[in-house]
Participant: 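Handing you a structure now.
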Amino acid sequence: MAVKKFKPITPGTRHKIAVTFDDVTTNKPEKSLLSPKKSSGGRNNSGRMTVRYRGGGHKQMYREVDFRRTKDGMAATVKTIEYDPNRSARIALITYADGEKSYILAPNGLKVGQTVQSGAGVSPEVGNTLFLSDIPLGTVVHAIELYPGQGAAMARSAGTYAQLLAREGKYAIIKLPSGETRMVLVTCRATVGAVSNPDHSLQQHGKAGRRRWLGRRPHNRGVTMNPVDHPMGGGEGRSSGGHPRSRKGLLAKGYKTRSPKKASSKFIISKKKKK
């Protein structure tokens with residue numbers, strides 16, 4: 001994995017930094033694992049725009065990724081490493097011993113021809129999915145379940161990983177990518193290794209058109225609007241806009257929005273680090 005900088009031949013390439021596709025081994029996805037993906041353009045079921053700044057973009061097919069990894073005790077061989085337009089990480093096509101094919105999140109360092117497994121008693125190697133009770137302390141993991149059998153919910157985006165710090169009774173203590181430390185049941189599953197495509201955060205689009213290809217329409221800030229449109233709008237000349245807040249008036253930039261009565265708060269040992 002690496003990033004590619006472009007010479008300023010055009011205005012669009014002057015600040016462009018793109019991620020190379022050296023790790024991708026094929027550009028033809030497995031047809032049996034594709035399904036149509038309908039674009040909403042930010043509209044709800046009655047056609048009303050409920051999410052702004054979305055629309056257009058290239059047509060995409062959804063890749064059915066296995067986030068549960070419940071086919072225990074059967075080895076699977078990695079056939080390809082592929083690009084997925086629906087996520088920042090790479091995905092890997094694996095074939096089980098019985099012939100079944102599946103997509104999984106590709107960990108960093110996973111190679112074609114490598115064997116991966118899941119379940120109890122599996123060795124804690126990159127790409128293998130184990131219960132948190134079987135993973136050695138200090139191991140870097142990703143694709144962690146929040147509840148047993150739910151499927152991977154945490155540490156799924158490109159380059160992210162969590163660390164298993166300790167085990168206390170029926171809970172494992174995990175440090176998440178946000179810096180938050182929380183308890184998760186040891187019967188939950190996690191995959192060993194960090195997520196692939198760690199250079200994703202370094203890329204720069206270079207021009208607005210690349211954002212349009214991804215389905216993102218032009219975004220204007222609240223301070224540029226009128227008071228009727230945004231709480232931070234209005235004022236003579238360029239005004240700061242007062243206290244940062246959302247379009248609906250909810251305070252932002254440091255204001256805590258998490259409910260203090262949330263049931264899962266008792267599982268959080270330390271809050272995520274502030275920016």
Side-chain angles (χ1 to χ4, degrees), residues 1-31 33-67 80-93 103-108 110 142-143 151-161 177-178 194-225 229-230 246-247 252 275:
M1 286 301 300
V3 293
K4 180 181 178 182
K5 289 188 177 182
F6 292 79
K7 293 182 179 180
I9 299 171
T10 63
T13 57
R14 180 171 298 277
H15 300 292
K16 181 180 176 182
I17 300 175
V19 176
T20 60
F21 293 87
D22 299 337
D23 55 338
V24 176
T25 60
T26 181
N27 58 1
K28 292 184 179 180
E30 174 62 35
K31 284 188 176 181
L33 298 173
L34 297 181
S35 60
K37 181 185 173 187
K38 187 176 179 181
S39 177
S40 67
R43 273 77 174 172
N44 64 5
N45 59 350
S46 63
R48 179 83 55 154
M49 183 186 287
T50 53
V51 181
R52 297 175 297 154
Y53 316 126
R54 292 191 183 180
H58 200 287
K59 190 173 182 180
Q60 299 169 343
M61 293 286 282
Y62 185 75
R63 277 76 168 164
E64 301 287 347
V65 179
D66 180 17
F67 288 113
T80 58
I81 305 293
E82 300 180 17
Y83 166 79
D84 188 351
N86 305 292
R87 65 192 74 254
S88 56
R90 304 287 187 240
I91 56 174
L93 177 66
Y103 275 129
I104 63 169
L105 276 183
N108 199 22
L110 191 72
H142 69 278
M154 299 180 288
R156 292 182 2 177
S157 61
T160 58
Y161 59 88
S178 63
V195 187
S196 54
N197 196 18
D199 296 326
H200 173 76
S201 60
L202 302 176
Q203 67 179 356
Q204 296 181 16
H205 296 305
K207 62 180 183 179
R210 289 184 66 84
R211 296 280 293 170
R212 300 304 298 264
W213 300 341
L214 298 173
R216 300 293 175 178
R217 294 180 62 233
H219 185 112
N220 59 312
R221 297 166 295 132
V223 293
T224 66
M225 300 181 188
D229 299 315
H230 201 281
S246 71
R247 190 185 180 97
K275 293 182 180 179

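Only heavy atoms go into these numbers, but all of them, side chains included; no hydrogens, no water, no symmetry mates.
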Participant: Is there a donor-acceptor pair closer than 3.5 Å between any side-chain N or O of R63 and the backbone N or O of M61?
Facilitator: yes

Participant: Minimum heavy-atom separation for Q203 to A18, with atom names?
Facilitator: CB-CA, 4.4 Å

Participant: Considering non-hydrogen atoms only, spot the tightest contact between K28 and T26 and give its length.
Facilitator: N-OG1, 3.2 Å

Participant: Report the residues that fulfil side chain to side chain contact (heavy atoms under 4.5 Å, CB included) with R14, sequence neighbours left out, ordered by chain and then residue number.
Facilitator: P8

Participant: Run the side-chain hydrogen bond (donor to acceptor under 3.5 Å, both in side chains) test against Q204 and tell me which residues pass, sequence neighbours left out.
Facilitator: none

Participant: Apply ring pair (Phe, Tyr, Trp, His ring centres under 6.0 Å) to Y161 and list each qualifying residue two or more places apart in sequence or on a separate chain.
Facilitator: none

Participant: Can any side-chain N or O of D23 pair as donor or acceptor with the backbone N or O of N197 at less than 3.5 Å?
Facilitator: no

Participant: List in chain and number order the residues that pass side-chain hydrogen bond (donor to acceptor under 3.5 Å, both in side chains) with S39, two or more places apart in sequence or in another chain; answer none if no residue qualifies.
Facilitator: none

Participant: Of the non-hydrogen atoms in V195 and A158, which two are nearest, and what is the gap between them?
Facilitator: CG1-CA, 4.1 Å

Participant: With distance as the sole test, does T25 use its side chain to make a donor-acceptor pair with the main-chain N or O of T80 at under 3.5 Å?
Facilitator: no

Participant: Residues two or more places apart in sequence or in another chain: which of them pass side-chain hydrogen bond (donor to acceptor under 3.5 Å, both in side chains) with K207?
Facilitator: none

Participant: Is the shortest heavy-atom distance from the side chain of K16 to the side chain of H205 under 4.5 Å?
Facilitator: no

Participant: Report the distance from atom CZ of R90 to atom NE2 of H200, rounding to the nearest 0.5 Å.
Facilitator: 9.5 Å

Participant: Just how far is it from atom CG of L110 to atom CD1 of I81, taken to the nearest 0.5 Å?
Facilitator: 4.5 Å

Participant: Under the ring pair (Phe, Tyr, Trp, His ring centres under 6.0 Å) rule, collect the residues that match up with H219, sequence neighbours excluded.
Facilitator: Y53

Participant: Does any N or O in the side chain of S196 come within less than 3.5 Å of the main-chain N or O of A89, such that one atom is a donor and the other an acceptor?
Facilitator: no

Participant: For residues 40-47, please give each side-chain donor-acceptor pair under 3.5 Å, one per line with the distance, not counting sequence neighbours.
Facilitator:
| from | atom 1 | to | atom 2 | distance (Å) |
| --- | --- | --- | --- | --- |
| S40 | OG | G42 | N | 3.3 |
| R43 | NH1 | G41 | O | 2.7 |
| N44 | OD1 | S46 | N | 3.1 |
| N44 | OD1 | S46 | OG | 3.0 |
| N44 | OD1 | G47 | N | 3.2 |
| N44 | OD1 | R48 | N | 2.9 |

Participant: Would a distance-only check, ignoring hydrogens and angles, find a side-chain to backbone donor-acceptor pair under 3.5 Å from T20 to A2?
Facilitator: yes

Participant: Got a sec: does the NZ of K37 have more than 12 other heavy atoms crowding it under 6.0 Å?
Facilitator: yes

Participant: Would L93 and L33 count as a side chain to side chain contact (heavy atoms under 4.5 Å, CB included) if you check the C-alpha gap in whole Å, the side-chain angles of each, and the deciding distance to 0.1 Å?
Facilitator: CA-CA 10 Å; L93 177 66; L33 298 173; 3.7 Å; yes

Participant: My understanding is that only residues two or more places apart in sequence, or in another chain, count here; which of them pass side chain to side chain contact (heavy atoms under 4.5 Å, CB included) with R87?
Facilitator: Y62, V65, F67, D84, I91, L105, R156

Participant: Can you name the side chain to side chain contact (heavy atoms under 4.5 Å, CB included) partners of P177, sequence neighbours left out?
Facilitator: A155, T160, A162

Participant: Tell me every residue that passes side chain to side chain contact (heavy atoms under 4.5 Å, CB included) with S178, counting only those two or more places apart in sequence or in another chain.
Facilitator: L176, E180, K272

Participant: Let me see the working for R54 and R217 under side chain to side chain contact (heavy atoms under 4.5 Å, CB included), right down to the final yes or no.
Facilitator: CA-CA 5 Å; R54 292 191 183 180; R217 294 180 62 233; 5.9 Å; no

Participant: Counting heavy atoms not belonging to R210, are there more than 12 under 6.0 Å from its CZ?
Facilitator: yes

Participant: Holding to salt bridge (charged side-chain N to carboxylate O under 4.0 Å, His left out), I want the full list of residues that pass it with E82, two or more places apart in sequence or in another chain.
Facilitator: none

